[in-house]
Amino acid sequence: MVAIVGGKHQGKTTLVARLAAELRRRGHRVMTIKHGSHTFNIDPATTDTYRHYHEGMAEKVAMVSPDKFALVERWSEERSPEEIAARHMADADVVLCEGFKRSTLPRIEIFRSETGARPLYDPDSETAAHYLAMVTDLSTLPFPPASLTGDLTLIHLTDPAWLSTVADLVEQRVMGGAR
């Protein structure tokens, strides 16, 4: 499992989608988890499943079609990405988690200067040790290179091979060298 983190409008969803497609192209079974800070509805108010959940107050509602399955489950406290993956995605080769900034998962941050003032990464933070990489358009970081923690890899969006580099990093450092 790896968390893709970044501020608002930094490109987290785009990175997760492109990375998932690249890892799938390489033959891996990829699954994703998206963290949201607000509640959501995956079906419109006019559907039967919406009514099952909202009017019927069902604890779980499964939506099934010939080509898809979705499960909406009520809970009183949020589950960790590790719990969700263990329960619903145990057969994945890799789970890409969008968000989950508070988790202890290994993480890759995406930061683009046009949409953010400064990266989330703070070399003095407890979370710095969880960082594997920063994917960025910055030519220099807003902190001294000597303050970088561990094996933080900088991947520049201007490099035509940046996506391949991120996928290689995930295969080597998250998936244990799987290819």
Side-chain angles (χ1 to χ4, degrees), residues 1-38 40-42 65 67-71 79-122 125 127-142 148-179:
M1 295 181 70
V2 62
I4 307 300
V5 301
K8 202 169 187 88
H9 305 297
Q10 289 296 307
K12 296 180 298 293
T13 300
T14 300
L15 176 55
V16 168
R18 291 188 66 188
L19 181 58
E22 174 62 17
L23 290 168
R24 166 118 181 166
R25 186 190 68 74
R26 293 179 181 201
H28 301 297
R29 191 154 191 210
V30 181
M31 299 182 191
T32 67
I33 303 172
K34 163 75 173 124
H35 184 259
S37 55
H38 305 289
F40 64 91
N41 289 312
I42 61 171
S65 72
D67 65 336
K68 288 182 216 153
F69 167 80
L71 179 67
R79 306 291 195 274
S80 72
E82 294 91 343
E83 289 174 292
I84 294 164
R87 188 169 184 181
H88 301 287
M89 302 175 170
D91 53 343
D93 293 330
V94 65
V95 178
L96 307 178
C97 302
E98 181 179 336
F100 296 101
K101 290 185 270 194
R102 293 184 193 100
S103 79
T104 58
L105 290 172
R107 63 186 63 191
I108 297 169
E109 179 175 353
I110 181 155
F111 176 78
R112 296 178 308 123
S113 58
E114 69 184 60
T115 54
R118 140 174 217 104
L120 297 174
Y121 178 81
D122 175 356
S125 165
T127 63
H130 301 295
Y131 274 76
L132 301 176
M134 184 177 301
V135 180
T136 185
D137 60 355
L138 294 176
S139 54
T140 59
L141 293 174
L148 296 178
T149 303
D151 295 326
L152 180 71
T153 301
L154 293 177
I155 301 169
H156 294 279
L157 288 165
T158 56
D159 178 354
W162 72 266
L163 181 59
S164 182
T165 303
V166 175
D168 291 345
L169 181 112
V170 169
E171 284 180 328
Q172 293 162 8
R173 296 188 52 201
V174 175
M175 301 172 67
R179 181 88 203 233

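Under a 3.5 Å cut-off, the side chain of His156 and the backbone N or O of Leu138 do form a donor-acceptor pair.
Taking both residues in full, the closest heavy atoms of Asp137 and Leu157 are given as N-CD1, 4.0 Å, listed atom of the first, atom of the second, then distance. Summarising the geometry of Ala117 relative to Phe111, their closest heavy-atom pair is C-CZ, 3.9 Å, with the distance given to 0.1 Å. Smallest separation of non-hydrogen atoms from Leu120 and Gly7: CD1-N, 4.0 Å. When all heavy atoms of Cys97 and Leu105 are compared, the pair lying nearest together is SG-CD1, 3.9 Å.
A distance of 9.0 Å separates CZ of Arg25 from CG of Leu163, quoted to the nearest 0.5 Å. A distance of 9.0 Å separates OH in Tyr121 from CG in Leu154, rounded to the nearest 0.5 Å. Expressed to the nearest 0.5 Å, how far OG of Ser125 lies from NE2 of His130 amounts to 8.5 Å. Residue Glu82 holds its CD atom at 8.5 Å from CD1 of Ile33, rounded to the nearest 0.5 Å. Rounding to the nearest 0.5 Å gives a distance of 5.5 Å between CG of Asp159 and OG1 of Thr165.
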Intermediate values then yes/no, side-chain contact (heavy atoms from CB on, under 4.5 Å), Leu169 and Thr153: CA-CA 9 Å; Leu169 181 112; Thr153 301; 3.6 Å; yes
Verdict with reasoning, Trp162 to Leu15, per side-chain contact (heavy atoms from CB on, under 4.5 Å): CA-CA 11 Å; Trp162 72 266; Leu15 176 55; 3.6 Å; yes
side-chain contact (heavy atoms from CB on, under 4.5 Å) evaluation trace for Thr32 with Met89: CA-CA 9 Å; Thr32 67; Met89 302 175 170; 6.0 Å; no
side-chain contact (heavy atoms from CB on, under 4.5 Å) between Leu96 and Met1, worked out: CA-CA 6 Å; Leu96 307 178; Met1 295 181 70; over 6 Å; no
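Checked against side-chain contact (heavy atoms from CB on, under 4.5 Å), Glu114 has the following partners two or more places apart in sequence or in another chain: Arg112.
A 4.5 Å side-chain heavy-atom check between Leu132 and Leu152 finds every atom pair outside the cut-off. Side-chain contact between Ile108 and Val170 is present, with at least one heavy-atom pair separated by less than 4.5 Å.
Note on Asp168 versus Arg173: no salt bridge recorded, every NZ/NE/NH1/NH2 to OD/OE distance being 4.0 Å or above. Salt-bridge check for Arg26 with Glu22: passed, with a basic side-chain N closer than 4.0 Å to an acidic carboxylate O.
Atom NE2 of His9 has 12 or fewer neighbouring heavy atoms from other residues, nucleotides or ligands inside a 6.0 Å radius.
The side chain to side chain donor-acceptor pair (under 3.5 Å) pairs that include a residue from residues 86-96 are Arg29-Asp91, where partners are two or more places apart or lie in different chains. A side chain to side chain donor-acceptor pair (under 3.5 Å) check over residues 94-111, counting only residues at least two apart or in different chains, returns the pairs Thr13-Glu98, Lys34-Glu98, Glu109-Tyr131.
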